[in-house]
Structure formats: structure tokens, C-alpha cells
Amino acid sequence: MVTYNVGLCRMVNGNLDAPYEGASIEAANIPDALEKAKKWVTSVEVADNSWLQILLDGRSVRSLRPGSF
């Protein structure tokens, strides 16, 4: 298992801003992390136009557009 960081961010000047909500999740791989991140996002309040970002070691491995999660 690997620790991924997930966060809800907004797009600012063409870049994702620092997450306004985040968590750490344990997952076996990126698809597992994506599934767990989608489950996590149902437990928090999501602001309009938020992006879901999944990070591993500080690097983005997946970013989902608003409405796609």
C-alpha cells in the first residue's frame, strides 16, 4: 500500500490552487487511489468548480475536472 494525498482545488490563472480540503488515503495503485478518492469526496462539501487532485510524493497522478467525479 502507498499513501496518496487527495484534495479539492480550484483553478486559478490556469493552475490548480492549493487544496481547500484534503486527506491522505492508502491505496495499492492509481486506479485504487482514484476509487478511494471518489469515495472520500462524497464525505466532504464540494464547492462549485472544484477539481479533484490525487498526488503521490507531491506529484499529481490524476486531476479530475469539475463534474467528472
Side-chain angles (χ1 to χ4, degrees):
M1 296 292 252
V2 178
T3 301
Y4 292 84
N5 291 313
V6 296
L8 289 169
C9 310
R10 291 198 178 106
M11 188 67 70
V12 177
N13 296 324
N15 296 306
L16 290 177
D17 200 10
Y20 64 85
E21 187 77 51
S24 294
I25 58 171
E26 295 286 322
N29 52 38
I30 294 172
D32 186 32
L34 179 59
E35 182 179 321
K36 289 180 178 182
K38 286 180 177 182
K39 185 175 180 179
W40 166 77
V41 84
T42 64
S43 69
V44 296
E45 188 173 333
V46 179
D48 291 343
N49 298 319
S50 295
W51 287 65
L52 176 60
Q53 188 172 48
I54 303 170
L55 302 154
L56 176 62
D57 295 329
R59 302 179 103 181
S60 177
V61 294
R62 189 68 54 95
S63 295
L64 299 176
R65 295 176 175 273
S68 66
F69 53 90

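Residue indices begin at 1 and follow the sequence shown.
By the criterion of side-chain heavy atoms lying less than 4.5 angstrom apart, applied directly or through intervening Ile, Leu, Val, Met, Phe, Trp or Tyr residues, Met11 is not grouped with Val46; the two fall into different hydrophobic clusters. A single hydrophobic cluster is not seen to contain both Leu55 and Leu34; linkage of ILVMFWY side chains at heavy-atom distances under 4.5 Å, directly or through other members, places them apart. Val44 and Trp51 fall into different hydrophobic clusters, where Ile, Leu, Val, Met, Phe, Trp and Tyr are joined by side-chain heavy atoms under 4.5 Å apart, directly or via other members. By the rule that hydrophobic residues join a cluster once side-chain heavy atoms approach within less than 4.5 Å of another member, Leu64 and Leu56 end up as members of one cluster.
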Discussion item. Is there a side chain to side chain contact (heavy atoms under 4.5 Å, CB included) between Arg10 and Leu16? Walk through the geometry before answering.
Written reply: CA-CA 6 Å; Arg10 291 198 178 106; Leu16 290 177; over 6 Å; no
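Looking at heavy atoms from C-beta onward, Tyr4 lies out of side-chain contact with Asp32 at the 4.5 angstrom threshold. Side-chain contact between Lys39 and Ile25: absent, with no pair of heavy atoms (C-beta onward) separated by less than 4.5 Å. Between Leu52 and Leu8, some side-chain heavy-atom pair lies under the 4.5 Å cut-off. The side-chain heavy atoms of Ile30 and Ile54, taken from C-beta on, include no pair separated by under 4.5 Å. You'll find the side chain of Ser50 stays beyond 4.5 Å of the side chain of Pro66, heavy atoms only.
For CD of Glu26, the number of neighbouring non-hydrogen atoms (other residues, nucleotides, ligands) closer than 6.0 Å is greater than 12.
Cys9 and Gln53 get closest at one heavy-atom pair: SG-OE1, 3.8 Å. Pairing each heavy atom of Pro19 with each of Gly7, the nearest pair is CB-CA, 4.1 Å. Ala28 approaches Met1 most closely through the heavy-atom pair N-SD, 3.6 Å. Closest heavy-atom contact between Ala27 and Lys36: CA-NZ, 4.1 Å.
Side-chain N or O atoms of Tyr20 include one that pairs as donor or acceptor with a backbone N or O of Ala47 at under 3.5 Å.
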